[in-house]
Amino acid sequence: MSDTDKKSPSNFIRDIIDSDLSSGKRAEVITRFPPEPNGYLHIGHAKSICLNFGLAKSYSGKCNLRFDDTNPAKEEQEYIDSIQNDVAWLGFDWGGEALYASDYFEDMYEWAKRLIKADLAYVDDLTAEEIRAYRGTLTTPGKESPYRTRSAQENLELFEKMKDGEFPDGAKTLRAKIDLTSGNLNMRDPVMYRIVRAVHPRQGDKWCIYPMYDWAHGLEDSIEGITHSICTLEFEDHRPLYDWFLNQLPELHHPRQIEFARLNINYTVMSKRMLMQLVKDKHVSGWDDPRMPSISGMKRRGYTPESIRDFCGRIGVAKVASTVDIALLEHCLREDLNKRALRRMAVLKPLKVVIDNYPEDQVEWFDGENNPEDPESGTRKIPFSRELWIEQDDFREEAPNKKYFRLAPGKEVRLKHAYYIKCVDYKKDESTGEILEVHCTYDPASRGGGTDDGRKVKGTSHWVSASHGVKSEVRLYSHLFSAETPGAATGNFLDDIDADSLEILTDALVEPALAEEAAFAGVQFLRQGYFCVDPDSTKDRPVFNRTVTLRDTWAKVEKQG
Ligand code: ATP
Ligand code: MG
């Protein structure tokens, strides 16, 4: 995976790792990507994936894929499956089986009992609401629960009964006994276990107590021998607790937690809760709707793993939160597609052209280069005949000005890979104003796209032979949100959904070579943009998604410096 390797400039995390390795504190690098299987992965997760797997690779270490499956109420097998697919699609290998936090529940339970015996944890009868009220605020200290002084023996018995299902959901919790006056609210006797009866995707109903994230996460890291536990900035205030728990179990391996800023991108939302709402309320067609920032949505939109990895490499990692311009993401996509996408012709809004002086039954097959950026890519055959489709936009009844180089009465244009044609007439439905067909003559001497007489023909149109064109559906996507920060104006991100973010064209015609492409294949429709084959395609009716237009606003910004 040379693209992640070539751009691995140093950053503060690499500095930490370098110093841990050179001081001998660590002998190797083991990282992990720990998604909770409660939704699909998005581009923000890709940043974490590229970082964790990328570090493991460049230090010849290892990166685990570990499901943080400690909250069965929201977790499902569907998400476990999709996450594995997405990480693999992005090009990363977790070396064997995925790991599951739930496989460690037994150990965690035993360690919790160790804390109880050491008078470092207690069973509390306060409700969740009471615990919150007792905890105090940043300016007022917390208040001790009346149950805080239970004996270790009593706590052990109660904890076992919690596990055995003798209390209803929410009736009791196990809490760490730390410090209710701590300036860090996370240290004010945090909950370690709660009672929840829910069917766990892997454990079924074996457990009715579930560990809280702060208690579980460090133990998961420790069991797996993680050396550097990389997480996002909101966990910075949890690090003292991460360390406290592991310090109470001194024989356990103690990883180092490092925080970095999460990825934000404008014109999109990136919290699983919001993405879930878009799906559940049917604002999009599903998690893989091509407008979603989910990995599966981006794949369906036509993003390549290479372009996403390139993007993640370019944004780097920092300690300070910031928002990345979506134009950069699209720039990375265009750069990659420009190198690999086959060039094809497709007419999205067709207008019939009849070439009056071209023999009725004749068909010529022209060779068209597959990709001028890639000489190895060869050519394909394009059929040409007397009746063709061109883009409605490529004809006007009257040329609006001297800079108009498309077709109009008396004007000549080049048909890409074929001939010059000159407009001699057109037919119009006088009642609707609709142009019905355009009549042209062609110049046989211009075969292949040029003549010897020095004649200048500036405009080039794409076209599709009428009798060979394959009728297709084309879905034109733009950003799902019309505001840079969805919800900034009204407080509700749904208010900024762009109702026109999907336009479906049902009369498009594409050259025959396009009908042979496999699902997800990326192509460039000449002059129109990059498109990919949607999995909704059938043999008779291909469906194409517009991945991105050709115009690169980021490249302009970069040039201006
Ligand atoms: P969300 O905020 O979308 O619900 P999450 O953090 O709850 O995400 P997890 O499944 O816990 O989702 O995330 C797995 C890993 O991905 C975590 O280590 C998390 O820090 C990281 N991650 C999630 N969102 C981002 C982001 N926007 N940028 C970078 N890393 C992220
Ligand atoms: Mg999380």
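As the structure lists them, so they are numbered: ligands from 1, and atoms in each ligand from 1. This structure is a prediction, so every number in the text was calculated from the model and none was measured.
Atom numbering of ligand 1 starts at 1 in the shown order; those under 4.0 Å from a heavy atom of M270 are 3 (O). Remark: ligand 1 atoms within the under-4.0 Å shell around heavy atoms of F33 are 14 (C), 15 (C), 16 (O). Near H42, meaning under 4.0 Å from one of its heavy atoms, ligand 1 places the atoms 3 (O), 24 (N). Taking every heavy atom of S48 and a limit of under 4.0 angstrom, the matching atoms of ligand 1 come to 16 (O), 21 (C), 30 (N).
Ring geometry, Y100 versus F67: the interplanar angle falls under 30°, so the pair is classed parallel (tilted spans 30 to 60°).
There is a side-chain donor-acceptor pair under 3.5 Å between S229 and R32. Residues Y147 and N155 have side chains that never bring a donor and an acceptor to within less than 3.5 angstrom of each other.
Annotation: ring pair (Phe, Tyr, Trp, His ring centres under 6.0 Å) contacts involving residues 13-42, sequence neighbours excluded, comprise Y40-Y79, Y40-W287, H42-H45. Each ring pair (Phe, Tyr, Trp, His ring centres under 6.0 Å) pair with one or both residues in residues 289-320, not counting sequence neighbours, would appear here, but there are none.
At least one donor-acceptor pair closer than 3.5 Å links the side chain of T547 to the backbone N or O of R301.
Between E234 and ligand 1, not a single N/O pair is under 3.5 Å apart.
The option from H45, E36, R262, R66 that lies nearest to atom 6 (O) of ligand 1, judged by heavy atoms, is R262. Around atom 30 (N) of ligand 1, the closest heavy atom drawn from G44, C231, S271, C50 belongs to G44.
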